[in-house]
Structure formats: C-alpha cells, structure tokens
Amino acid sequence: MTLNTETETVVGVAHPLDPLSRAEISRAVSILKDGPAAAESFRFISVELREPSKEALRTGGETEREADSVLVDRGAGNAYEAIVNLDSGIVTSWKQLASGVQPPFMLDEFAEGEESCRKNPEVKAALAKRGITDMDLVCFEPWSVGYFGEDNEGRRLMRALVFVRQEPDDSPYAHPIENFIVIVDLNSGEVVEVEDDQAIPVPSASGNYLPKYVGPARTDLKPISITQPEGASFKVTGNHVQWADWSFRVGFTPREGLVLHQLRFQDQGVERPVINRASLSEMVVPYGDTAPVQAKKNAFDSGEYNIGNMANSLTLGCDCLGEIKYFDGITTDSHGNPWTIENAICMHEEDDSILWKHFDFREGTAETRRSRKLVISFIATVANYEYAFYWHLFLDGSIEFLVKATGILSTAAQKPGEKTPYGQTLNNDGLYGPIHQHMFNVRMDFEIDGPKNVVYEVDMEIPENNPTHTAFKAVDRLLETEQAAIRKADHDKHRFWKIANRDSRNLVDEPVAYRLIPTNAITLAAGDESFVSKRAQFARNNLWVTAYDRTERFAAGEFPNQATGADDGLHIWTQADRNIVDEDIVVWYTFGMHHVVRLEDWPVMPRQNIGFMLEPHGFFNQNPTLNLPSSATPSDHCSPETTNHCSSGHES
C-alpha cells in the first residue's frame with residue numbers, strides 16, 4: 001500500500017530545508033536566462049536549494065530562499081556557478097570557473113554523445129573493418145575520461161566504451177568490443193579521437209537474464225505478506241518525519257540523491273540532536289586490470305555523473321514492500337526545465353528480529369522485545385550498475401548505512417582460451433569481468449547534543465602488567481587536529497571511533513557519544529603514484545575529520561570531472577590542520593568492496609551489501625527500549641508455557 005499518490009498542492013515553503021519545488025526551479029532558471037545566462041548556448045548542470053546557514057537555522061531567524069546553479073556555456077566552453085535569490089529575483093553571485101574545470105555530466109549528454117559516435121564516419125568505418133555494420137545494435141556507453149596526464153585543452157570530453165547486441169533486447173555486456181574507444185567533445189558534438197588497437201574477437205555467447213531467455217519461473221515459493229493493519233508508525237508532514245523516538249527531514253539533491261537533515265532522538269521527553277546532515281559525499285570505482293581500455297576505468301559516480309539525477313522511480317512490490325511513503329526527487333534537465341523523478345525515495349518499516357531477550361530459568365519466564373527499523377532508500381542506475389542506498393534507523397538509537405550493489409558487470413574481452421590474472425573468466429568465449437573496487441565516502445555533520453563535538457579513536461590494548469595473560473582494555477585517544485584525524489581502520493586493535501560531546505555528561509559523568517564501527521573498511525588498492533589515487537585521495541584512508549566549512553561538501557572536491565586532484569578535496573582542506581576539539585566538526589567515513597568477480601555475478605549480479613554502523617555509546621543512561629511492548633500487539637506476551645517463543649497473531 002502506498003501512502004501518497006497525489007502531488008502536494010501546498011503553496012509556499014514549509015521549512016527552509018525543503019528542496020526546491022518545480023515552480024522555484026523554473027523561477028531560478030528564468031532569472032538566470034533574463035540575466036547572465038541569456039545566450040542559447042547555456043545549459044544547466046543543476047539547480048538546487050542553497051541551504052541556509054546552520055546559524056540561521058539554529059537561531060530560528062528569517063532565512064531567504066536561494067538556489068545554487070551550475071551551468072555550462074557550450075559556445076565558449078566555460079562553466080559557471082550562480083546563486084539566485086528567489087525572494088528578490090536577483091542573481092546575487094555569478095562566478096566563472098577556472099579554465100578546464102568540468103562540472104558533472106548532464107543526462108542528455110549521454111544520449112547526445114552516443115548519437116555523435118553512431119553517426120561518425122570514422123567510427124562506422126572502423127567497426128565495419130571488424131565486421132560490425134548494423135549501427136542500431138552497437139551500444140556506446142558513456143564514461144568519464146578521468147585524468148591521465150594529457151592536456152584536454154579545456155574540452156568537455158566523454159569516453160565511450162563500445163558493446164554490440166546480437167538482437168534488439170540482447171544484453172550488450174556479453175559482447176564487448178575490446179580495444180575500441182571513442183572520445184567525444186560534448187560541447188561541440190565532435191568525435192575527437194577513435195582508439196582502435198589490436199582487435200580481439202567479440203565474444204558471441206549469450207549473457208541474457210530476461211524471462212524469455214531464462215525460461216519459466218519456479219513455482220515452489222509461497223507468498224510472504226507484509227501487512228500493518230493499523231498503518232505505518234511514522235508520521236510525515238511535508239518532508240519532516242517522526243517515527244518512534246526519531247525525527248528528521250528528507251532532502252534530495254542532483255549530486256547526492258537522498259539527504260537526511262536534523263536527525264534527532266527524543267530521550268525521556270527531550271529531543272536530542274545526533275546528526276545535522278548526512279549524505280553520500282563521493283564514490284569511485286577504480287579497475288585493477290592493466291589492459292589498455294580497463295586501466296582507465298575509474299568513475300566518480302557522484303561527482304562526475306550526478307548520481308541523484310540517476311535515481312529510479314521506485315515501485316511497490318519490487319523495490320519496496322509494506323506501507324510505503326514515497327518522496328519525489330525534483331531536479332532539472334539541461335535546458336532548465338523542472339523534472340520530477342516520481343517516487344525517487346522510499347520509506348517504510350521492517351521487522352528486524354529480536355532487539356533484546358532474557359529467559360529467567362529460575363522463574364521459568366521470558367521477556368523478549370522485537371526490533372524494527374525505519375528504512376529510507378533510493379536506487380540509482382549508473383549505466384551497467386545499480387546502487388541502492390539505505391539509511392536504517394533503529395529503536396535503540398542505532399543508525400546503519402548500507403549500499404546494495406547489483407546490476408551488470410562492466411565486462412571485457414580476451415582471446416578465447418586465455419585467462420587474465422586481472423579478472424574472472426565468465427565463459428569459454430573470451431568474456432571476463434575485470435577486478436575492481438567500489439569505494440564510498442559518507443559525509444556526516446555530527447551534532448551530538450549540540451554543535452561542539454570531539455572524536456576519540458578507541459583501540460583494544462593489552463596492559464604491560466598482565467600476570468594472568470587475559471587482560472585487555474579499551475583505550476581512548478583524543479584526535480586533536482585534522483591531520484591527526486586522518487586514520488585507517490585496524491582490525492587487529494578492534495578499532496572504532498567515538499564522536500562525543502564533552503559538555504554533555506551521562507549518568508557516570510562521561511561524555512555522551514556515538515561510535516562509528518568501521519565495517520567494510522577497505523582503502524584504495526591503487527598505488528599513491530597512480531592518477532586515480534591522486535584524484536581520489538579520500539579513499540586512501542577510512543576516517544577524516546574536518547572543522548565545519550559549508551563550502552567543503554564533497555570528499556574529492558567540488559568538480560572532480562577531468563580534474564587532477566591537485567587543488568581540491570579532503571586532502572587539500574586538511575592541510576590547514578585546524579583544531580577539531582570542542583568544535584563544529586564533520587566526520588567523513590570511507591568504506592567499500594573489493595569486487596573480485598565470480599561466476600555467480602553473471603549475467604546479472606546478486607546484491608552485495610556494504611556499509612557501516614553508528615551506535616549510541618554512553619549517549620543514553622541505560623537501554624532506551626525498556627518501554628517497548630512484548631510484541632507488535634501490546635496484549636500479546638511471551639507466556640511461561642512457551643518460554644522461548646513470542647506469541648503474535650502475525651507469526652507462526
């Protein structure tokens with residue numbers, strides 16, 4: 001069941017953090033077109049809310065409604081940033097970016113780039129030499145060109161990998177045209193280079209997963225019904241959500257997708273701030289294969305592609321189950337027209353097994369409480385891959401962030417009979433999946449009981465005086481500056497990090513805190529001298545902590561597309577080595593997955609989970625869930641006769 005199917009018609013803005021409406025986007029674009037962006041050659045990369053300052057939001061003062069916009073002038077080849085005051089109708093800032101700075105791709109540039117490749121005589125002639133003449137079956141897949149030391153002369157470029165279908169609905173990823181790359185200037189539409197190296201036979205074996213190819217679906221799985229007869233437990237007012245003791249605001253941007261604002265937990269009647277703002281900051285997918293085409297694959301899917309714009313319209317029963325609340329994502333196309341991604345964000349509750357339990361063997365009684373979580377998610381399709389991003393909120397104050405990676409491998413071809421050491425051979429026809437990584441960075445503007453926080457690194461240590469040889473203890477180390485807080489996880493020391501407020505004390509006079517448990521704490525495999533490592537230095541370490549600066553938003557910098565990595569990003573900002581003790585701080589966590597491809601990942605990849613946990617650590621004075629009913633229905637209980645089973649009318 002869906003809880004909202006109609007478009008809201010409320011006039012005005014309910015809260016300063018509400019994303020721009022379609023009308024506001026149109027107004028911002030109109031103001032720009034009537035001003036500095038009047039030329040027909042201007043295209044819009046993004047138009048989004050310029051969030052009010054945290055100080056204005058804290059004090060409750062009056063805020064102005066503003067829009068941030070990024071544009072490209074295709075005629076001159078320049079890019080611009082603009083700030084538009086929607087209340088006054090004035091462009092308050094118009095800044096030309098440095099020569100060669102390239103903002104993220106616009107979605108229609110993908111189609112335009114592919115069309116430029118398809119029509120180009122040189123491309124057609126080169127493919128014909130390989131025996132490929134039906135251009136309708138050729139797929140030119142857009143990739144960022146990255147940076148590999150070449151001078152791009154300020155051109156806005158796209159690198160097209162090439163695949164071919166055997167029939168219209170065939171999966172092209174089974175048939176890569178290896179050692180064949182097309183480079184397109186997106187501003188001019190010109191094909192500027194065709195890389196046509198030694199031909200490798202195109203694999204011909206099928207790699208289809210559609211029902212018509214797979215055959216009849218199995219019939220032995222019985223339905224699972226998820227019902228909430230009394231409706232969902234959350235309350236939604238505009239973009240504000242209340243669920244159990246949690247409250248927060250839902251946001252959406254073209255670059256980040258889902259954003260959580262003002263995450264708070266009500267404890268004994270007091271609303272306590274936890275995180276002011278949380279979102280995906282950046283991601284990079286570097287490949288470890290040395291083959292010419294594969295070695296240059298390293299997409300920054302957030303900063304180069306605007307992953308929010310690639311959000312799916314989610315559907316009930318497929319992407320989400322249960323009592324659903326959807327939120328639309330409102331963005332813009334390249335011409336400045338408002339564009340609504342319907343049902344871009346899904347929110348629902350899920351059962352989560354037991355939360356706590358104890359069987360008193362002396363009395364023969366049991367107390368069991370079930371956990372549930374609130375799930376807020378969006379799913380983006382980036383060419384071959386799907387990335388599903390999930391924030392989970394739990395009744396005990398815990399928070400989980402998960403990425404569920406699925407979709408189709410970006411494949412490569414080798415000569416039949418060969419087996420590369422840099423990937424998994426997928427069939428006997430020359431197809432393989434190169435080894436690669438999926439690296440993510442999440443930015444969390446913490447506000448544990450207020451804006452002045454600190455971070456401790458906690459390691460397990462064995463004391464020198466250990467006569468029983470059994471002693472070990474947790475030792476806190478305060479991270480005092482930005483440089484000191486550039487850290488890697490250490491599983492041998494069972495390391496975690498605490499974000500604490502030293503001015504807010506718990507029952508035993510210790511600072512209240514949350515701990516970040518560094519699961520999936522891998523770092524970049526590429527060497528420091530590699531171009532991708534220089535551009536994605538955020539992925540060299542797991543933890544970064546910075547003093548808050550509203551201009552420092554993205555781990556790899558504001559515009560990583562075709563950038564060298566030499567002048568923006570976490571590694572640059574932290575050179576200032578600012579104080580982070582009892583300050584307004586931002587925590588950046590990098591995690592990921594070594595994708596060592598397996599046969600089971602083909603022809604479509606089963607979901608892989610990657611993520612991390614945030615848990616209260618002395619934030620509460622005791623277990624905050626003691627007041628939960630003994631089952632979903634308060635009248636039900638765990639009876640002595642069934643001491644190890646929880647009675648519920650919804651379970652069997």
Side-chain angles (χ1 to χ4, degrees), residues 139 141-143 161 163 169-174 176 206-211 213-214 217-218 221 224 256-258 280 282-287 297-302 305-322 324 329 341 343-348 350 375-392 400-412 423-424 426-427 431-440 442 519-520 522 591-612:
C139 300
E141 182 159 292
W143 278 69
L161 277 62
F163 303 83
D169 61 357
D170 182 31
S171 174
Y173 299 105
S206 173
N208 289 303
Y209 58 91
L210 298 176
Y213 297 104
V214 174
R218 61 191 300 168
L221 298 177
I224 296 177
E256 302 157 290
L258 171 62
L280 174 73
E282 190 54 88
M283 57 179 292
V284 62
V285 186
Y287 280 67
K297 288 162 66 171
N298 53 84
F300 291 69
D301 291 323
S302 176
Y305 292 83
N306 266 353
I307 199 167
N309 279 347
M310 298 182 170
N312 295 178
S313 289
L314 304 178
T315 56
L316 185 66
C318 296
D319 303 303
C320 308
L321 288 175
I324 306 299
I341 306 173
N343 300 352
I345 297 168
C346 169
M347 183 174 72
H348 66 286
E350 288 183 3
V375 182
I376 314 103
S377 65
F378 85 103
I379 303 173
T381 298
V382 187
N384 54 303
Y385 265 115
E386 265 75 20
Y387 296 102
F389 300 93
Y390 293 79
W391 286 100
H392 294 158
E400 182 179 38
F401 183 77
L402 276 186
V403 183
K404 300 181 181 181
T406 179
I408 302 179
L409 300 168
S410 182
T411 52
Q424 171 64 54
L426 297 173
N427 59 30
L431 187 72
Y432 75 97
I435 192 170
H436 57 283
Q437 292 182 302
H438 302 263
M439 304 295 300
F440 304 88
V442 171
T519 49
N520 299 116
I522 68 169
F591 62 100
M593 152 180 145
H594 291 296
H595 196 165
V596 180
V597 177
R598 56 192 182 133
L599 285 172
E600 290 84 355
D601 290 337
W602 182 253
V604 63
M605 175 183 160
R607 177 205 72 204
Q608 294 283 307
N609 287 356
I610 325 151
F612 64 93

Looking at Ser171, is its backbone amide N or carbonyl O close enough to the side chain of Asn208 to form a donor-acceptor pair, meaning the two atoms are under 3.5 Å apart?
yes
Find the distance between CD (Glu256) and CZ (Phe389) and round it off to the nearest 0.5 Å.
11.5 Å
Heavy-atom side-chain contact between Met593 and Val403 under 4.5 Å
no
Will you find, in the side chains of Thr315 and Asn343, an N or O donor that is under 3.5 Å from an N or O acceptor?
no
To the nearest 0.5 Å, what is the distance between CD1 (Ile379) and CD1 (Ile345)?
12.0 Å
Shortest non-hydrogen contact from Asn520 toward Gly611
OD1-N, 2.9 Å
Tell me if a side-chain donor or acceptor on His436 pairs with a main-chain N or O of Pro434 at a distance below 3.5 Å.
yes
Nearest atoms (heavy-atom pairs only) where Ser410 meets Asn384:
N-ND2, 3.2 Å
Heavy atoms, side chains only, cut-off 4.5 Å: are Met310 and Thr381 in contact?
no
Nearest 0.5 Å, please: how far is CG in Leu161 from NZ in Lys297?
5.5 Å
Can you tell me how far CG of Asn298 sits from OH of Tyr287, rounded to the nearest 0.5 angstrom?
10.5 Å
Taking all heavy atoms of Pro172 and all of Cys139, pick out the closest pair and write down the distance.
CB-SG, 3.8 Å
Count the heavy atoms belonging to other residues, nucleotides or ligands that lie under 6.0 Å from OH of Tyr213, then report whether that count exceeds 12.
yes
So CG of Leu280 and OH of Tyr387: to nearest 0.5 Å the spacing works out to 10.5 Å
Evaluate side-chain contact (heavy atoms from CB on, under 4.5 Å) for Tyr209 paired with Trp602, printing each intermediate quantity in order.
CA-CA 9 Å; Tyr209 58 91; Trp602 182 253; over 6 Å; no
Would you check if Trp391 and Phe378 make a side-chain contact, meaning some heavy-atom pair closer than 4.5 Å?
no
Should Gln437 and Val284 be marked as a side-chain contact (heavy atoms from CB on, under 4.5 Å) after you check the CA-CA gap, both sets of side-chain angles, and the distance that decides it?
CA-CA 8 Å; Gln437 292 182 302; Val284 62; over 6 Å; no
Run through Phe401, Phe300, Phe591 and flag the one making a ring-ring contact (aromatic ring centres under 6.0 Å, His included) with Phe440.
Phe591
I want to check something: taking the side chain as every heavy atom from C-beta on, are Pro606 and Arg598 in contact at a cut-off of under 4.5 Å?
yes
I want to check something: taking the side chain as every heavy atom from C-beta on, are Val597 and Met605 in contact at a cut-off of under 4.5 Å?
no
Can you give me the closest heavy-atom contact between Ser302 and Met283, atom names plus distance?
N-CG, 3.9 Å
Looking at Ala344 and Ala311, what are the two nearest heavy atoms and their distance?
CB-CB, 4.3 Å
To the closest 0.5 Å, what do you measure between CG (Leu316) and CG (Leu321)?
7.0 Å
Any idea which heavy atoms bring Asp301 and Val285 closest together, and the distance?
OD2-CG2, 3.5 Å
Between Thr411 and Gly433, is there a donor-acceptor pair closer than 3.5 Å when you use the side chain of the first and the backbone of the second?
no
